[in-house]
Every structure is written in C-alpha cells, then in structure tokens.
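Here is the structure we will look at, set down as structure tokens.
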Amino acid sequence: MDRIIEKKRWTPKKIAAYIGGILLIALATYLIAFADNSSKLNVESQKITMATVSQGSFQEFIPVDGTVHPIKTILIPAVEGGTVDEKYLEGGKPVKQGDPILKLTNNRLVLDFMNQETLMNDLINNLQNSKLSLQQNKFNLRRRLATLNAQVDAAKDIYERNISLYEAKAVSQQEFLGFKREYDRLKAERVIELESQKFEESNARQQIAQLETTIARTSRNLHMMEDNLKNLYIKAPISGQLSSIQVELGTPVQSGQVIGQIDDLSGFKVKAELDQHYVSRVFAGQQASFTYNGQSYPLEIALVYSEVTNGRFPIDMKFIGKVPEGIRRGQTLQIRLQLSDPAPAVLLPRGGFYQSTGGAWAYVLDGSGKVASKRSIRLGRQNPEYYEVLEGLKPGEQVIVSSYDAFNDKDKLELK
C-alpha cells in the first residue's frame, strides 16, 4: 500500500538561501554603519610641506630692518656768514678736533674789526693822556698849595707879631685889622684850594675810570670781533669722519647755515622704524638681537621716538657689549626685536595653511604617514617662525603646513 511521504519544511537549499540573505543584510548593515564615507582627495606628497609639532620655548618677536649709524653725528654750522674762499677737506675724510675745513671771506667783518681797533687805540691814547694830565695837575696843585701855605704862614707870623704891637698902641687899629684880614683871607683861600684840588682830582679819576670802562668794553668787543674773524675758519668740533660738505668754492654761506656734518666713529647705534601697531609694546630697555658672521649679538632699545609719521615710528638701539668687527655706517641688519620673555610651549612651524583655516583646524598625518585627516586645533600667539599650540596637537605629530587652497576642505588627504 502506498505511504504518504511528508514534505520537508527546511530543505538544505532553502536553508542556504536564508543564510545567504541574512549575510547580505549583515553586509549591507556593516557598510552603512561602519564604512568610511568621508570625502577624500589624492595629493602628491612632493607638492605639500610637512612640519613636526615640537615642545620648546616660545617667544614673541618681530623682524626689523635696522641701519647702523654713528653713535653721534655733529652738524657743522657757519658761525659767521661769508663766501667760501678755501676748502681744505672733502667729505669722507677723517678729521681731528680743531682741523680747519673751510675758510670764508667777509670784508665787512674785516672793516668793522679795523674800525674797532682804531677806536680802541684812540681810547687808550686818551686814557694815557688823561692819566698824564692828572699827574701834571697833581704837581701843579701841590706847587700852588705849597705857595699858599707859605703865604698863610707869613701872614700868620705878621698878624701874631702885630697883636702885641697893637696892644702897646705901636700900630694903628686900621693897620692891625689889615694884617688880620690878610691872614683870614689866605686861610680861607687855602681851604678853598684844598676843596678845589679834591674836586679836580675826583673828577679826573672819574673820567679815567669811565675811560677804563669804555676801553674794557671796547676791548671785549674787539676780542669778540677777533673771534668772529677766527670763525671765518670753520674747524672740526670733534674728531671723527667728515661725512659730507655741502658747499663749494665761491659759495655764499649765511650765518648759522649747516655746511656739513662729522660722524663720531668711537661707537655705533642702530636706527629702525616700526609699524604703529607696536607703539604700545615697545619701550626703552627692551632687548633685541641680530646675527652677524654667524654669531648672535645683543641690542637694547635706547630711545623710542613718540612721533608717528606715515604709520611708522623710529627707535634707536645700542649695542650691548662689544660691537662686531667690520660693522660700517649705513649697513643694514636683520634684527629680532623681542616682545615677550621665553616660555615653554607646544610649537607648530608657520605656514600658508593659516590663511585658509585661521588656525581653527589642520590636516594631521596618521601613524602610517599616508593619510592626513582634518582636525580641530586652537592656536595662540605667533612669531615669524612658530605658532603657539593651545589645543589639538601633540609634540611629534606631523602637520601639513602649506596652503590648503587646492584641497577644497576634503576630510582626508591620501598622500601618493
């Protein structure tokens, strides 16, 4: 008899089909959940610049072009005006203090000096004549006084002898009174003579004193005029280098006109101009440095000028210690002007990427060195060499620091 064959529900074929479907669903789920859907860009490694993040000392500084100047420059003015008659030295020559540089001619000064000299000689002659006259008057007055004294003594003798004769009635009263009046007159005349001599001597001495004062004043004027004539020879006020002479033979020169300058070569300073952005961060005593012939030399700001012209202000810097051998006037130095003290920091070398990202992110290489992924970072201060890294990067990591303009903000870069 026939037997009913029970139909199998899970055949091997059906089981295989179910398993295959489950595997396909699992694969699709994995691809959706775990696959890398980020945007990528292939980049040739030769066309990018890499830099390594490091731990080091960060210091704010700015590069400055400085020019070497003499420690002191003395302008040479013409004290007196005139015409250039002789030129003893040319610009660029070394000079010693007192060396003649130019000779001027000024006929008016020469004539004034001669007139003053003549006046001086006349005053001296008048003084000598007045002193001689005073001495002669002294002798004459003494002679007159001696004669008058003798007359007074004679009249006194006659008067005193006639007193007894008058009392004895030997002479008349009229005759006696005549002797007395003569004696009194001579005494009074002697008093007047003494006062007259005193007045004349005082007056003569006063005139002599006035003449001496006038002569002294005239002598000072004469010496001043003589100095003015000497000033027609323009001489070096200090030793140094005559850097320029701005006149030629026959050139008229005005009083006070600057005709050149001398550089004091006993030392040097460095002058520079800074952007007004730094005016509040620059001060006297601030440190700087420059490299010359492979060696670093320190500088210090000596003077900050307050005037801002065309958005810039000047500073003067002095050398600290020894001035480098071979430094010359007018030489340009590349200077690092320090704006802060050194401090420990994580450092990232500067690059063009900053213009694209503003320092908010960067492409950082993975351990294989073949893929660079976009990563958020935070940068702080910067100097011409480094950025200060505040967050997002660790020492030893490599970062693409060249420009990102060609990467179109891709999430990853695969280096070829």
Side-chain angles (χ1 to χ4, degrees), residues 49 51-73 267-292 295-321 323-324 327 329-363 376-393 399-405:
T49 302
T52 302
V53 180
S54 62
Q55 181 74 44
S57 178
F58 180 84
Q59 183 180 45
E60 283 187 280
F61 70 90
I62 54 174
V64 177
D65 288 337
T67 305
V68 178
H69 288 258
I71 191 67
K72 183 170 58 177
T73 297
F268 293 96
K269 63 182 178 182
V270 179
K271 297 184 74 70
E273 287 191 348
L274 305 180
D275 190 277
Q276 63 183 358
H277 171 74
Y278 299 103
V279 71
S280 61
R281 303 192 62 188
V282 176
F283 51 88
Q286 203 161 342
Q287 302 298 304
S289 63
F290 69 97
T291 301
Y292 185 76
Q295 184 175 351
S296 179
Y297 293 90
L299 294 169
E300 181 180 289
I301 294 180
L303 181 62
V304 178
Y305 296 87
S306 57
E307 301 86 0
V308 177
T309 304
N310 296 326
R312 303 182 69 79
F313 65 97
I315 60 172
D316 285 350
M317 290 176 279
K318 62 182 180 181
F319 291 90
I320 304 300
V323 178
I327 284 288
R329 179 183 188 274
Q331 189 169 351
T332 300
L333 303 177
Q334 303 297 321
I335 298 168
R336 291 165 56 110
L337 178 59
Q338 301 173 9
L339 298 181
S340 70
D341 294 329
V346 177
L347 305 177
L348 175 63
R350 289 177 64 98
F353 80 97
Y354 191 88
Q355 282 69 36
S356 302
T357 71
W361 58 272
Y363 287 112
S376 295
I377 63 173
R378 187 162 69 93
L379 304 180
R381 298 173 297 173
Q382 55 182 281
N383 62 32
E385 296 176 353
Y386 294 102
Y387 300 106
E388 179 186 29
V389 179
L390 302 179
E391 293 178 1
L393 295 174
V399 179
I400 298 176
V401 294
S402 52
S403 175
Y404 293 175
D405 290 345

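Given the structure is predicted, the values throughout are model-derived calculations rather than measurements. Values below: all heavy atoms of this structure, side chains included; hydrogens, waters and symmetry mates excluded.
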| field | R350: salt bridge (charged side-chain N to carboxylate O under 4.0 Å, His left out) partners, not counting sequence neighbours | value | none
| field | Backbone N/O of P70 and side chain of R329: donor-acceptor pair under 3.5 Å | value | no
| message | Is it the case that the side chain of T291 and the backbone of Q295 share a donor-acceptor pair, with hydrogens and angles ignored and the cut-off at 3.5 Å? | response | no
| note | Here the gap from D341 atom CG to Q59 atom CD, rounded to the nearest 0.5 Å, amounts to 7.0 Å
| Which heavy-atom pair separates Y292 from P324 by the least distance, and what is that distance? | CD2-CB, 3.6 Å
| Ring centre gap for F58 and Y386 strictly below 6.0 Å | no
| Inter-residue atom distance Y278.OH - L339.CG, 0.5 Å rounding | 6.5 Å
| field | Whether S403 side chain and D405 backbone form a donor-acceptor pair below 3.5 Å | value | yes
| Under the salt bridge (charged side-chain N to carboxylate O under 4.0 Å, His left out) test, residues paired with E388 that sit two or more places apart | R381
| remark: For D316 and Y305, the nearest pair of non-hydrogen atoms, with its separation, is OD2-OH, 2.6 Å
| Between atom CZ of F319 and atom CD1 of I327, what is the distance when rounded to the nearest 0.5 Å? | 5.0 Å
| Could you go step by step and tell me if V389 and I377 meet the side-chain contact (heavy atoms from CB on, under 4.5 Å) rule? | CA-CA 8 Å; V389 179; I377 63 173; 5.7 Å; no
| query | Ignoring hydrogens and geometry, is there a side-chain-to-backbone donor-acceptor pair from S376 to W361 under 3.5 Å? | reply | no
| message | What verdict does the side-chain contact (heavy atoms from CB on, under 4.5 Å) test give for I315 and L303, after you've listed the backbone C-alpha separation in whole Å, the side-chain angles of each residue and the deciding distance to 0.1 Å? | response | CA-CA 6 Å; I315 60 172; L303 181 62; over 6 Å; no
| Are Q334 and D65 close enough that a side-chain donor and a side-chain acceptor fall under 3.5 Å? | yes
| message | Using ring pair (Phe, Tyr, Trp, His ring centres under 6.0 Å), reason through Y387 and Y354 one step at a time and then give a plain yes or no. | response | CA-CA 10 Å; Y387 300 106; Y354 191 88; 5.0 Å; yes
| Are E307 and R312 ion-paired here, with the side-chain N under 4.0 Å from a carboxylate O? | no
| query | Under 30°, 30 to 60°, or over 60°: which ring-plane class applies to F353 and Y404, parallel, tilted or perpendicular? | reply | tilted
| request: Measure from the side-chain N and O atoms of S402 to the backbone N and O of T49, and report whether any donor-acceptor pair falls under 3.5 Å. | output: yes
| Beyond-backbone contact of L337 with I301, side-chain heavy atoms, under 4.5 angstrom | yes
| request: Sequence neighbours left out, what passes salt bridge (charged side-chain N to carboxylate O under 4.0 Å, His left out) with K318? Give chain and number order. | output: E300
